[in-house]
Amino acid sequence: MSLDTLARYILDTFFFASLISLIVSGLNIIYGVMRIVNLAHASLFTLGAYTVAWITANYIVKIFGSNLILLLVLPLTIAVIVTVLVSLVMVTPLLRYSYGKGDAFQLIVTFALLIIFEELFQIVWGRMPLAANDAFFAMGTVNLFGSPYPLYKVFVIIVAFLIILALWLLTYRTYLGLLLRATSMDSEMVQALGANVIRLIVVAIITASLLAGLGGALYVPTASVALGLSLDVLIVAFVGLVIGGLGSFIGSLIGALIVSIFRTLSIYFFPELELVILFTVALIVLIFKPEGIGGGKGW
Amino acid sequence: MVRREIGNNIRSIVIVAVIAGLLYPVISSIMPGWEVMLTYGIILAIAALGFNLLFNYTGLLSFGHAAFVGLGAYAVGLSVKYIGLRILEVQVLIGVLLSALLALIVGFIAVRYRGIFFAILMLVTAQILWGFYVKFYHITGGTDGIRIPRPTLFFIYDTTGLGYHAFNMVYHYYALLWFTVLAIIMWYIVNSPFGYTLRVIKDAETRAVALGVNVNRYRLLALVISAIYAGIAGALYAPINRLVTPDLAYWTLSGKIVFMSILGGTMYFLGPIIGALTYVYLETIAQRITIHWYLILGITIIAIMFFMPRGLLGLTELEGFKKMARLFSALRLQFKF
Amino acid sequence: MNTETPLLEVSNLRKYFGGVRAVDGVSFRVYEGELIFLIGPNGAGKTTLVNLVSGYLKPDSGLIAFNGRDISRLDMASRVKLGIARSFQFVNVSWSISLLENIAIAIASRRGINLSMLRSLESHTDVIEEAIQLAKLVGLEKNLDKLPLEVSQGDRKILDVVMTLALKPKLLLLDEPTSGVSTRDKFDIIDRIVSAIKATGISSIIVEHDMDIVFSYANRIIAMHSGRILADGPPEDVRSREDVRAVLLGGLYA
């Protein structure tokens, strides 16, 4: 493997890990506060992606041309707002009323939500894949050991890093974060302290939705968005969770990175076997380290 | 022992089978074209029975039972395509063996986990197989699938010469025979010491361990039986569908199996059966109303979970139904029928 | 001193959870037919000791010998097969099947017919018959058709014990069989349990908080404090010990 391919591989891995960590940390926040693994969380990622693709192609480019700042900021902002709004209307109430109902109930309800989202995407955006790579091309490339590498991917890595850093500061350096962490350990105790757990739950879901929407929005300039994306994302995120350990903030980030290493490898060399490789990785982790790397010590 | 659950006996299974047998000519004369749904219904009921052994009795939720349905169907498709095998019972047997093998391999690790981990491991299994059917099109025919010629039943009865309606009818009763036998076997499994041990594992795992039960071995066995049922359903599905496509392994089919079971009521032995039979008609009606009937499916699942968690059979526990049942048995005593 | 091989011999058993010395160098012997009450304040290490002997937890060090054989590395299922059965502090039964079916499954498990699939549990009449007999022994025969949630907490605790008895163990470990039951019903429940134990002659270790109960029923008491055995002997000896009174009895039995 030549130096530029290796560098490209490493950057691609980090790019993918950036997106996955946005999803996985969102899943983890909701799990921490509510003990629910929200299967429909991946749909919010897809929603963010569809929104950006659609709005960029149909409006942004037509109205503002290819102004790079507008191409980046406007679709991203709109996508995040749309995702959070949709989450407030469709996801938040369902999760809130599924709270404490047992994991079979929650899994079936969020699975049904996944099906509903998939059909809604088809109704709104049709069966054909959507793409909007204007921002991707507008940004150009950097020289990576003699061959060009898209600057946009580097941009995504930096943005995701900043977001995750902000999330870390939020959970470990603020009072809200303290409450969130405390809820993940003992929600009754937090209730006894006078904090409104339902409000905390809503805050957690909104934060998680925002992260998912942002992830999808960042993703779409690099690839097209099509039906079935939610499920692919869900599976990759889940393998990340298995590796990192459910309920561990740092663990989930490491999990996202490891799953990205394997996924990027398989995309490079055995694209047909992507799922098989991810599945095998998940099984191996489950055999040798069933609690995951983070060990579910709470966050 | 008191049986508080409606229809948890072999007589009820036989009654359902007889009704499904009698309804076929009735539906085909009143509403031609709708009778074949009944065949699909009893075949899917077999898969749903398998699903519920795992879900209600063992406490494991699988989002990947389509993996086994698909395997059963492709056992038929590939065996006819490559070795010209058309004896359905042999093809079913191949499907059973493949499903059991897959369940053993995946289950070896998956049964150590519950909840989300088990559910998604099964989902990924199904998606891998689905990907295989789609991507290796030179073997599987890809999304075009494999055409299934008329099978030979009971080793000797070649159905090739039968007309469309005659075949459908013959096949309905053939599938019904499978259904009846499999449902009765499942009833014994669920009500046997093994079935009760599964319930103890589900409700009180540490107690099961304290009784000296090797919990994971029981879960694995339940998964294998469950997979065999889904595999048989897949194999029986192929000839009536006349086509085997990757859709039979897609995650939405797994979702449908979950849905059928909760529609009928997973707490009841008959639940998945009633659910599957109701489901096929609901689907047909919904498909005629809108092409976006998955939306209806999803919303209905959520509505049932929140407002009717015991499913259709849960309605039998309402006071009104109990009154009618008492009235019915009073009439039966009075007029001796 | 007794010279026969003890049924259970625990020597120098240790289990630490981080810095907490839950069980810290515990040694004692149990002989056939003994009825022992294990007492001690909360956090004394009683439940941990039960968990270690039953195989629910593995010890950090020390030896557990059953009938002269070292079992400290065996898992719970193997110890059940050897004849060590336990109940739990919290009722741990299947909520979706009747009391009778719960007991029957415990019996089926002892008889090794759990894997029987093609005959209904109901038709195993010998198992059902034994379950009914066992239920009669503890006065549970009236509610056998009910689900665990439909009977009183006391009956649920009894069910928990009966499922353990159904294994016909050589050593029975009962972890607070009267917890969660009103003071009024405690004596009734322990009375039913102890008479069943005496009728079957099984060696038993019962963890119990209520000193009235302990001193009414025990032939031998082991008192624990901070992971160690403080006193071990007949009730009158244990009662007269100053240190035991200080940590346990609070002067009540002075």
Side-chain angles (χ1 to χ4, degrees), chain B residues 1-5 8-11 13 52-53 55-59 181-222 224-226 228-229 265-269 310, chain C residues 51 54-56 75-88 90-102 104-124 127-128 131 144-148 150 159-160 163-164 166-167 169 173 175:
Chain B
M1 261 181 268
V2 172
R3 290 269 147 259
R4 44 198 102 225
E5 160 189 342
N8 183 16
N9 48 48
I10 292 172
R11 200 185 60 182
I13 298 169
N52 210 34
L53 174 70
F55 181 64
N56 184 45
Y57 299 100
T58 319
V181 171
L182 288 172
I184 289 173
I185 293 176
M186 184 58 88
W187 186 87
Y188 274 109
I189 292 174
V190 160
N191 290 287
S192 68
F194 175 71
Y196 278 97
T197 308
L198 291 181
R199 291 178 182 81
V200 176
I201 291 173
K202 174 197 176 188
D203 293 339
E205 188 177 338
T206 41
R207 160 66 70 184
V209 176
L211 291 180
V213 168
N214 185 334
V215 170
N216 287 341
R217 190 182 302 162
Y218 281 72
R219 285 209 185 96
L220 183 59
L221 202 51
V224 170
I225 297 169
S226 177
I228 288 174
Y229 270 67
T266 50
M267 296 171 65
Y268 304 90
F269 178 80
R310 285 162 175 251
Chain C
N51 284 342
S54 63
Y56 195 66
D75 63 9
M76 202 159 159
S78 324
R79 295 192 204 189
V80 172
K81 295 217 167 67
L82 287 176
I84 301 178
R86 69 166 296 180
S87 76
F88 293 88
F90 300 100
V91 177
N92 204 344
V93 299
S94 173
W95 305 100
S96 50
I97 63 181
S98 70
L99 303 195
L100 181 64
E101 288 157 346
N102 266 299
I105 277 308
I107 295 168
S109 165
R110 185 196 78 229
R111 296 192 180 191
I113 56 163
N114 278 36
L115 279 173
S116 153
M117 273 186 213
L118 296 180
R119 241 180 94 189
S120 70
L121 178 64
E122 216 171 339
S123 70
H124 286 272
V127 173
I128 300 296
L144 279 177
D145 276 339
K146 294 208 168 120
L147 296 177
E150 295 166 348
L159 172 65
D160 214 79
M163 285 181 78
T164 320
L167 295 172
L173 306 163
D175 194 0

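Throughout, protein chains are lettered first and strands after them, A, B, ... in sequence-line order, and every chain is numbered starting at 1. Side chains are part of it too, since the values below use all heavy atoms of this structure and drop only hydrogens, waters and symmetry mates.
For the set C/Arg79, C/Arg86, C/Met76, the count of heavy-atom pairs under 4.5 angstrom toward chain B peaks at C/Met76. Counting heavy-atom pairs under 4.5 Å between each of C/Ala77, C/Gly55, C/Ser78 and chain B puts C/Ala77 at the top. Counting heavy-atom pairs closer than 4.5 Å to chain C, the top residue among B/Leu211, B/Ile185, B/Ile201 is B/Leu211. If you tally non-hydrogen atom pairs under 4.5 Å between each of B/Val200, B/Ile189, B/Thr206 and chain C, the highest count goes to B/Thr206. Ranked by heavy-atom pairs shorter than 4.5 Å toward chain B, the options C/Ile105, C/Asn114, C/Asn102, C/Val127 are led by C/Asn114.
With contacts defined as side-chain heavy-atom distances shorter than 4.5 Å, the pair B/Thr197/C/Ser109 does not qualify.
Closest approach of C/Ser116 and B/Pro193 over heavy atoms only: O-CD, 3.6 Å. Contact detail for B/Ala210 and C/Val80: the closest heavy-atom pair is O-CG2, 3.1 Å. Annotation for B/Ala204 and C/Ser94: closest pair CB-N, 4.4 Å, computed over non-hydrogen atoms. Of all heavy-atom pairs spanning B/Tyr188 and C/Ser120, the tightest one is CD2-N, 4.0 Å.
With a threshold of 4.5 angstrom between heavy atoms, C/Ala85 does not approach chain B through any atom at all. Heavy-atom distances place the side chain of B/Leu221, and not its backbone, under 4.5 Å from chain C. Interface remark: B/Leu198 contributes no atoms to any contact with chain C (heavy atom separation under 4.5 Å). Of the atoms belonging to C/Asp75, not a single heavy atom falls under 4.5 Å from chain B. Contact of C/Thr164 with chain B is made through backbone and side chain together, with heavy-atom distances under 4.5 Å. In this structure, chain B has a heavy atom under 4.5 Å from the side chain of C/Leu167, while its backbone stays farther away.
Shown are B/Glu5, B/Arg199, B/Met267; of these, the side-chain contact (heavy atoms from CB on, under 4.5 Å) with C/Ser96 is made only by B/Arg199.
A donor-acceptor pair under 3.5 Å is formed between the side chain of B/Arg207 and the backbone N or O of C/Asp160. Between the side chain of B/Asp203 and the backbone N or O of C/Trp95 there is at least one donor-acceptor pair closer than 3.5 Å.
Counting non-hydrogen atoms of neighbouring residues, nucleotides and ligands closer than 6.0 angstrom, the OH atom of B/Tyr218 exceeds 12 such neighbours.
We find the OH-CD1 distance between B/Tyr57 and C/Ile97 to be 12.0 Å, quoted to the nearest 0.5 Å.
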